[in-house]
Asks: 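Let me begin by handing over the structure; questions about it come next.
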Amino acid sequence: MRESASWLAPGRVNLIGEHTDYNDGFVLPLAIEFGCRATVSPGPDGLLRFVSAQESEPVEVPVEGLAPDGVQGWAAYPAGVLWALGVDLPGLTVTVDSDVPLGAGLSSSAALTCSVAAAANDLLELGLSPRELVAVARKAENGFVGAPTGGMDQLASMLGEAGSVLFCDMRSLDVRPVRFALDDAGLALLVVDSNAPHRHADGEYAARRKACEQAASVLGVSALRDVTLDGLDEALAKLAPEPDGDVLVKRARHIVTENARVTDVVARLDAGQIREIGPLLTASHASMREDFEITVPEVDVLVEALLAAGAHGARMTGGGFGGCVIALVDNDAVAAAVRAAADAAAAHGFAAPRTFVTAPAAGAHAVDPSGAEPPRQPPVDTNASGAPDAG
Ligand code: ADP
Ligand code: MG
């Protein structure tokens with residue numbers, strides 16, 4: 001066995017397509033410049049050792065103790081990856097270091113699991129394809145950590161491409177890179193982390209999934225993906241008389257219209273009309289606020305402020321109940337937009353948001369285990385005055 005293998009896997013933002021993944025629908029994420037670097041090396045016999053630069057204590061797990069519920073806390077993510085590989089393991093040491101903000105909706109967990117999966121695959125010479133590594137990383141979260149993620153995060157982190165968003169069909173798991181040439185269009189993609197605490201996100205996520213499954217079952221389809229825009233009115237008329245029909249109508253309407261917005265955005269990007277996706281992003285936010293009811297005042301205020309400051313479009317990204325907002329902004333309007341977001345949060349007494357400019361980055365790739373490669377390019381971090389952020 002080699003001395004070690006190191007891989008870097010990025011976090012992601014989702015340009016559009018929220019909560020459509022578990023409805024067998026469409027999503028359009030991009031890998032971002034923030035990422036997790038994982039190094040896997042042989043360790044003492046029978047022992048798995050997990051070390052994170054973001055955690056004070058290493059965690060040790062005997063190889064025989066590797067089972068779901070056998071590992072608590074953050075180490076469940078890398079331990080779950082090794083478990084999901086489904087092979088006899090030697091003793092291993094896994095060291096990770098990430099600059100993806102944890103729990104902000106930028107998928108630090110997929111960056112972690114994908115980087116560990118790819119590094120372990122490399123060191124142990126398992127020959128798994130990127131697709132198979134996506135499945136391993138997802139199985140680690142679903143089957144070991146117990147996080148019911150839909151699979152988009154891992155696809156974006158493993159298969160993302162610089163300069164493109166990834167059009168993912170979450171039923172077939174087909175993906176197609178779609179050129180997202182921000183620079184050529186003089187545009188910037190802002191990510192504004194509301195820093196709002198996530199409230200009841202797990203329970204609300206489960207409730208949304210349940211409502212979508214219920215709506216699909218009433219409509220006699222295997223998933224809401226099967227309802228098209230043309231058939232929407234008819235579908236809603238069938239849902240309305242059900243107990244909780246008003247809720248089912250709203251949830252289904254979000255999923256069906258959101259799928260249509262994703263394919264519309266792809267069509268415009270394919271036609272080179274980047275600015276024109278703005279209204280679709282904003283419509284997605286309205287749908288999440290009114291119909292799916294997953295936004296919170298902190299993110300609604302940011303979206304309003306960014307639009308008022310001239311953004312072509314803005315929406316919450318990620319599962320909701322806190323997290324980040326994205327906005328499509330002309331390059332020369334970035335500083336004003338950042339300031340507007342900060343001012344609006346302050347005026348409402350909300351936490352100060354943290355804003356950075358992002359662009360589609362490369363998916364998981366091997367890096368030099370010695371760490372001698374040039375430091376990663378950090379995202380341009382802008383504070384309210386548009387100057388580089390000290391933090
Ligand atoms: P998100 O994926 O949106 O950042 P999650 O709740 O899915 O949020 O995943 C965050 C969790 O992933 C953290 O609470 C932590 O347990 C784990 N995690 C991610 N990156 C690291 C890291 N570098 N070191 C230790 N734990 C990490
Ligand atoms: Mg996650």
Side-chain angles (χ1 to χ4, degrees), residues 6-14 18-19 21-22 27 29-40 48-61 71-82 93-119 134 136-158 160 191-206 294 299 316-326 354 356 358 364 367 376 379:
S6 289
W7 279 67
L8 185 80
R12 60 101 188 94
V13 296
N14 189 20
E18 224 61 77
H19 287 255
D21 58 351
Y22 56 81
V27 295
L30 55 135
I32 60 176
E33 295 96 331
F34 288 128
C36 183
R37 178 199 177 100
T39 299
V40 181
L48 304 172
R49 188 177 155 82
F50 302 101
V51 184
S52 167
Q54 282 68 52
E55 297 285 335
S56 50
E57 294 292 328
V59 175
E60 293 189 345
V61 180
V71 185
Q72 306 306 319
W74 73 270
Y77 290 88
V81 169
L82 299 181
T93 297
V94 177
T95 306
V96 299
D97 186 2
S98 178
D99 58 7
V100 186
L102 268 54
L106 300 176
S107 221
S108 69
S109 61
L112 173 57
T113 54
C114 289
S115 59
V116 172
V134 166
V136 164
R138 182 174 175 190
K139 189 173 173 191
E141 287 213 39
N142 292 169
F144 199 94
V145 177
T149 67
M152 162 177 70
D153 303 351
Q154 297 82 3
L155 278 174
S157 183
M158 280 304 305
V191 180
V192 186
D193 182 356
S194 68
N195 281 317
H198 280 260
R199 291 185 285 259
H200 317 300
D202 292 350
E204 295 286 355
Y205 180 86
I294 54 173
V299 303
M316 182 187 78
T317 181
F321 306 101
C324 293
V325 163
I326 57 171
R354 183 166 185 269
F356 59 93
T358 197
V367 290
R376 280 175 260 155

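For the single chain, residues carry numbers from 1 onward in sequence order. Just so it is clear, the values below take in all heavy atoms, side chains as well, and ignore hydrogens, waters and symmetry mates. Counting starts at 1 for both ligands and their atoms, following the listed order.
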Asks: Okay, side chain of Ser194, backbone of Gly323: is any donor-acceptor separation there less than 3.5 Å?
Replies: yes
Asks: Show your working on side chain to side chain contact (heavy atoms under 4.5 Å, CB included) between Cys324 and Leu106 and close with a plain yes or no.
Replies: CA-CA 8 Å; Cys324 293; Leu106 300 176; 3.9 Å; yes
Asks: Measure up the Tyr205 and His19 rings against each other and bin them: parallel (under 30°), tilted (30 to 60°), perpendicular (over 60°).
Replies: tilted
Asks: Please tabulate protein-ligand N/O pairs under 3.5 Å for ligand 1, atom names and distances to 0.1 Å.
Replies:
unit_1   : atom_1 : unit_2 : atom_2 : d
ligand 1 : 2 (O)  : Ser108 : N      : 3.2
ligand 1 : 2 (O)  : Ser109 : N      : 3.1
ligand 1 : 2 (O)  : Ser109 : OG     : 3.0
ligand 1 : 3 (O)  : Gly105 : N      : 3.2
ligand 1 : 3 (O)  : Ser107 : N      : 3.4
ligand 1 : 4 (O)  : Gly103 : N      : 2.8
ligand 1 : 4 (O)  : Ser108 : N      : 3.0
ligand 1 : 4 (O)  : Ser108 : OG     : 2.6
ligand 1 : 7 (O)  : Ser109 : OG     : 3.1
ligand 1 : 23 (N) : Gln54  : OE1    : 2.9
ligand 1 : 24 (N) : Ser52  : OG     : 2.7

Asks: Let me check your reading of the structure: within less than 2.8 Å of the Mg ion (ligand 2), is there an N/O/S atom from Ser109?
Replies: yes
Asks: Do Arg12 and Asp153 sit within salt-bridge range, that is, some charged N less than 4.0 Å from a carboxylate O?
Replies: yes
Asks: Which residues pass the side-chain contact (heavy atoms from CB on, under 4.5 Å) test with Ala31, not counting sequence neighbours?
Replies: Pro10
Asks: Can you confirm whether Glu57 is buried at CD, in the sense that more than 12 heavy atoms of other residues, nucleotides or ligands lie under 6.0 Å from that atom?
Replies: no
